[in-house]
Amino acid sequence: MAEGTQQQQGGQQQQQPSPLQLMARALTDIRKVQNMLELQNPGQTEAIKMQREAGDLVWQVIQTMQQSQQQGPQ
């Protein structure tokens, strides 16, 4: 019985988000948490700093991915 290994095909194809879309979603969530911390717990300076650094790192990766997509295969 290989029912569990078969994938359903037809009119209900779900498009998987691209890595770039996933990174953008992660960045949005990081910034939301950062904003919540800054507003509700301004004394949590280390946590806010870590959120900011994580967001900046994800943003840099997004920029690199966008640049490589624009340049295309070489």
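Treat the numbers as computed from the prediction; the structure is a model and nothing was measured.
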Counterpart residues, side-chain contact (heavy atoms from CB on, under 4.5 Å), relative to Pro17 (two or more places apart): Gln21, Leu22, Arg25
At what distance, to the nearest 0.5 angstrom, does OG of Ser18 lie from CE of Met65? 6.5 Å
How would you list, by chain and number, every residue that makes a salt bridge (charged side-chain N to carboxylate O under 4.0 Å, His left out) with Asp29, sequence neighbours excluded? none
Considering residues, nucleotides and ligands other than Gln16, do more than 12 of their heavy atoms fall under 6.0 Å from its CD? no
One should read off an interatomic distance between Gln60 CD and Leu27 CG, to the nearest 0.5 angstrom, of 11.0 Å
Search all heavy atoms of Gln66 against all heavy atoms of Leu20 and return the closest pair with its distance. CG-CD2, 3.8 Å
Give every donor-acceptor pair under 3.5 Å between a side-chain atom in residues 46-59 and any protein atom, sequence neighbours left out.
| unit_1 | atom_1 | unit_2 | atom_2 | d |
| --- | --- | --- | --- | --- |
| Gln51 | NE2 | Ile30 | O | 3.1 |
| Arg52 | NH2 | Glu38 | OE2 | 2.9 |
| Asp56 | OD1 | Arg31 | NH2 | 3.0 |

